[in-house]
Amino acid sequence: MTESATELKRFAADVDAWMAENVPTQPDFLLPLSFLEVGTEQQLDFLRQWQRTVFEAGFLAMHWPTEYGGQGADPAYQAVVDQALARYNAPILFNTIGLNWVGPLLLDIGSHEQRLRYIRPILSAEEIWCQGFSEPDYGSDLGSVQTRAVRDGDDYVVNGSKIWTTLGNFADHMILLARTTPNLERKYDGLSFFLAPMGIAGVDAQPIRKVTGEYGFNQVFFTDARVPAGTMMEGEGDGWRVAMKTLEYERGVSAGQASGHWIVSTQIDDLIADLKGVQRDGEPLFQDPLVRDDTVKLIMEARAMALGRKRMTVPALNTDYPMGLALSSKYRGTEYARRMKLFGAAMQGGHSALYVDDPGAIRGGFWQRAYFSNFGATIGGGTTQVQANIIAEHVLGLPK
Amino acid sequence: MASVLGTTALSLSDEQAMLMEVARSFVRDQVPIERVREHLESASGFDPAVWAEMVAMGWSGVALPEAVGGAEMGFGAVVPIIEALGFGVVGTPLMSTILAGQLLVDAGAGAVDDRLTAIASGSVATVAFLDGGDWGAPQRSVVVQANGSLSGCKHFVGDALEAAFFVVVCEYEGEPALALVDRSALAAEALTPNALIDLTKRSASIDFSGVKPEQLLTGATVAEGIERYRLYGALLCATEAVGTSHRCLTALVDYMTTRKQFGKLIGSYQALKHPTVDIYCGVEDARSFVYHAATLIDRAADPSDIEIACRMAKASATELIGYAGDRSVQFHGGFGFTWDCDSTLFIRRAQWTRQVFGDAGHHRKHLARLLLDPVINSG
């Protein structure tokens, strides 16, 4: 074993010990399954405290530079922590838009001053971030957004509305894509990107209830809100380019995220453990030949994706479609998760009809809620169908 | 509880990378699809000059020990070669010969060196395995009788007409055995060629009744060798299917980026685009499984991990090529339905690949046993 491998192993043992000591027990209220469903102050306070604890222990963004709050460590260290967080079923690190999209973006193309100003409060969860990309009329068609930002002195006056804004009602800042120049021949050239404050006059977030029954996203209304011109990333008209870069981090195409622990880990192993006791036609569920076949298909899919992630590290096995595995990971992963969770919800016999409020529900209705909740992943950040277009066009070279 | 998700070992050695490079350029430069097509309806199904070159490059002995003239690069070295041949839809007796050689290595314990030397220098060999159409059967209906001669028939014996000798899976005194039979020991009428759905493949039924084998291999290693043959065969057929499916994908993309209908390139229609993306994802998955299995075999990993990996490779590649071949015919429109369209080769290959060494359902059934039973029977 190399010196660094020995060190990593020792570190893993330290992390294990810390988790055993510090991972809180499940509170008496329901925690969200991902950062997309933080709906109550109670949940917010709990998760804020937990993220702060992890950060202060030095287990968050370990691979980010020390001057901005990281540890300057190899990314392998954060991976060890993320695996341990999943293994200990720890609460999620919920400030995901800051941790995994804005943080890496700032480290990539932000100025030193922007990094100093924003990154540490992202890590400590003192400042929550949201994303203002989609609008009521433009979701997948992001290039057409209409929210206007008009320069007036040292500010831009913003009018319009953003929607599906996760954490919008709790956020301190928004990465905002707005139109600074209308009616250009190339609509993309009229967009600009702001690190906009949320606590200013004229910004109003209205929570929207989801199919799961929970809250978490909002419609945000801008009415003559004065966003300081100094919060613009890059220049006027560079918004599309910056937004596309952000999406690379959001979709996991580019690496550098602070932590992968933004969703309650849900594996096929959990499904088998939870459903082992279910009876079907008078026999244990997993004796049924069709159920066994479907389960094996799901196991194979999960394993194929894990192997794909491993194969990304072997350049000689990526010469045909160099970016293919990375560009298809959201398409594959989110759709797999949806079908796997649906299977978990559907294979419970009569109990499949129960939802989270029923005391008789298997594992508190986890699978039913997880299935619904997963649409956030197959729709948000570019729908599955848009992802398929991206793969077709950018990996296979098919025409638009 | 142990995870059903298992190991993710996957690597490629420098030798494998080099072989991949060489095999890919060989197929591209020496065996264009027109050359393959010239032999679709010939007796052998391949060009002897192509086979001779493959032998000259050492491919028949790439995994065999140096002592018998092989390159001793490990079984994983076969994978990039077979993948490249699959891409070219090249039918030669290479896969049959390599599998026969590997079975002799696994079961023979040194008593078969002259046979292995012959294979390394280009003798065609094949395993006479199937008793009928059931890949999952024990395959022991050919029996060594008291007088030392065989009784019974074998079916779908790959490359039988070209083979210099046969490794016959049979039964001797109630135990599995391997009988080595030279082609010269068979009367011409003992072989009945099949009319195969894949025009690049050849096989025959063989009546071994009354034939005295030159050599009989018995003992514990034989049974193990036969089980490994099932898995290695599944892996190589999966590997070939990955190559062919990849070729099918590139042909499809070429057509979709040149053919116009309603004034637009047909590749711009999402009804065609999205299934093509799923073919692409299938190629990536099956390819990962194949190289994962190759990695585990070369590392002499836990036998059940190897079994799982080989079965996943075959289940995955079988579904992939079936879908790719089917959609390729459909998406090429009227032309796709013609003999001259290469989709014909792909969809025919897909039907052959599905059954050989067991179809996807067969392997998933065994995977359920391997993956689920230990978990559901515990605690």
Side-chain angles (χ1 to χ4, degrees), chain A residues 267-273 275-277 284-289 291-321 324-325 327-329 331-332 335 384-385 387-393 395-400, chain B residues 1-12 14 16-17 20-21 246 249-250 252-253 256-257 264-268 270 272-274 276-278 280-289 291-292 308-309 312 315-316 319 360-361 363-373 375-376 379:
Chain A
Q267 305 292 341
I268 186 80
D269 290 313
D270 306 315
L271 186 153
I272 295 166
L275 270 51
K276 256 163 79 166
L285 179 69
F286 291 107
Q287 303 291 2
D288 182 305
V291 172
R292 288 165 73 85
D293 197 53
D294 282 343
T295 309
V296 168
K297 283 181 190 168
L298 290 168
I299 294 171
M300 282 181 58
E301 222 176 320
R303 206 184 273 221
M305 287 187 291
L307 289 170
R309 285 191 290 277
K310 186 68 177 288
R311 186 150 70 80
M312 282 166 75
T313 66
V314 184
L317 290 175
N318 288 279
T319 53
D320 298 319
Y321 305 98
L325 286 168
L327 279 174
S328 54
S329 68
Y331 176 72
R332 303 296 312 286
E335 282 296 321
T384 296
Q385 290 64 37
Q387 297 302 316
N389 286 346
I390 290 172
I391 299 165
E393 288 153 25
V395 178
L396 299 178
L398 291 172
K400 259 192 175 327
Chain B
M1 191 175 89
S3 172
V4 294
L5 298 176
T7 161
T8 55
L10 202 164
S11 57
L12 194 78
D14 292 345
Q16 281 174 304
M20 182 182 293
E21 194 68 40
H246 183 200
L249 173 64
T250 60
L252 198 48
V253 168
M256 289 166 68
T257 48
K264 279 162 68 174
L265 289 169
I266 61 169
S268 65
Q270 292 181 345
L272 278 68
K273 219 176 214 181
H274 292 187
T276 306
V277 165
D278 289 333
Y280 161 72
C281 292
V283 170
E284 294 288 23
D285 279 3
R287 196 160 189 245
S288 294
F289 281 128
Y291 281 94
H292 170 56
I308 289 168
M312 284 190 175
S316 158
E319 302 275 29
H363 288 289
R364 286 198 301 263
K365 193 164 87 182
H366 284 281
L367 285 165
R369 168 178 57 78
L370 290 159
L371 294 164
L372 297 180
D373 287 352
V375 183
I376 60 176

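Note that the structure is a prediction, hence the values are computed from the model and not measured. In what follows, chains are A, B, ... by sequence order, proteins preceding strands, each numbered from 1.
- Considering only heavy-atom pairs separated by less than 4.5 Å from chain A, the leading option among B:Thr250, B:Val277, B:Val253 is B:Val277.
- For chain A, the option among B:Leu5, B:Thr257, B:Thr276 with the highest count of heavy-atom pairs below 4.5 Å is B:Leu5.
- Looking at B:Asp285, its side chain never comes within 3.5 Å of a backbone N or O of A:Glu301 through a donor-acceptor pair.
- At least one donor-acceptor pair under 3.5 Å links the side chain of A:Arg311 to the backbone N or O of A:Leu317.
- With a 4.5 angstrom heavy-atom cutoff, A:Asn389 touches chain B via backbone and side-chain atoms both.
- The six-membered or imidazole ring of B:His274 lies away from that of A:Tyr331, with a centre-to-centre distance of 6.0 Å or more.
- For the set A:Gly324, A:Pro284, A:Ala306, the count of heavy-atom pairs under 4.5 angstrom toward chain B peaks at A:Gly324.
- Heavy-atom minimum distance, A:Ala316 versus B:Leu12: CB-CD2, 3.5 Å.
- Applying side chain to side chain contact (heavy atoms under 4.5 Å, CB included) to A:Val291 and the options A:Thr295, A:Asp293, A:Asp294 leaves one that passes, A:Thr295.
- At a 4.5 Å heavy-atom cutoff, the contact between B:Tyr280 and chain A is made by side-chain atoms alone.
- For A:Thr313, no part lies near chain B; criterion is any non-hydrogen pair under 4.5 Å.
- For A:Lys310, the part lying near chain B is the side chain, with the backbone staying farther off; criterion is any non-hydrogen pair under 4.5 Å.
- Residue B:Leu372 comes nearest to A:Ile299 through the heavy atom pair CD2-CD1, 4.0 Å, listed as atom of the first residue, atom of the second, then distance.
- Interface residue B:Glu284: backbone and side-chain heavy atoms are both found under 4.5 Å from chain A.
- Looking at A:Arg332, the atoms closer than 4.5 Å to chain B (heavy atoms on both sides) all sit in the side chain, from C-beta outward.
- Contact tally against chain A (heavy-atom pairs below 4.5 Å) for B:Met20, B:Met256, B:Glu21: the top residue is B:Met256.
- Between chain B and the residues A:Lys297, A:Met300, A:Gln287, the most heavy-atom pairs under 4.5 angstrom are made by A:Met300.
- Only the backbone of B:Ala9 comes within contact range of chain A, judged by heavy atoms closer than 4.5 Å.
- Minimum heavy-atom separation, B:Leu10 to A:Leu307: CD1-O, 3.7 Å.
- Contact annotation for B:Ile266: neither backbone nor side-chain heavy atoms come within less than 4.5 Å of a heavy atom of chain A.
- Looking at B:Ile308, only its side chain comes within 4.5 Å of chain A, counting heavy atoms on both sides.
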**Message:** Could you go through B:Arg364 and B:Glu319, starting from their C-alpha distance and side-chain angles, then the distance that decides it, and tell me whether this counts as salt bridge (charged side-chain N to carboxylate O under 4.0 Å, His left out)?
**Reply:** CA-CA 12 Å; B:Arg364 286 198 301 263; B:Glu319 302 275 29; 2.8 Å; yes

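- For A:Gln267, the part sitting under 4.5 Å from any heavy atom of chain B is the side chain, from C-beta outward, and nothing else.
- Among all heavy-atom pairs drawn from A:Asn318 and A:Met312, the shortest one is ND2-CA, 3.7 Å.
- The backbone N or O of A:Pro399 sits less than 3.5 Å from a side-chain atom of B:Lys273, completing a donor-acceptor pair.
- Residue B:Leu367 touches chain A through both its backbone and its side chain, counting heavy-atom pairs closer than 4.5 Å.
- By the 4.5 Å heavy-atom criterion applied to side chains, B:Thr7 and B:His292 are counted as neighbours.
- Only the side chain of B:Leu371 comes within less than 4.5 Å of a heavy atom of chain A; its backbone N, CA, C and O stay farther away.
- Chain B forms the most heavy-atom pairs under 4.5 Å with one residue out of A:Val395, A:Ile268, A:Leu325, and that residue is A:Leu325.
- The greatest number of non-hydrogen atom pairs below 4.5 Å with chain B, out of A:Ile391, A:Asp320, A:Val314, is found for A:Asp320.
- In terms of heavy atoms, B:Ser11 sits closest to B:Gln16 at O-OE1, 4.1 Å.
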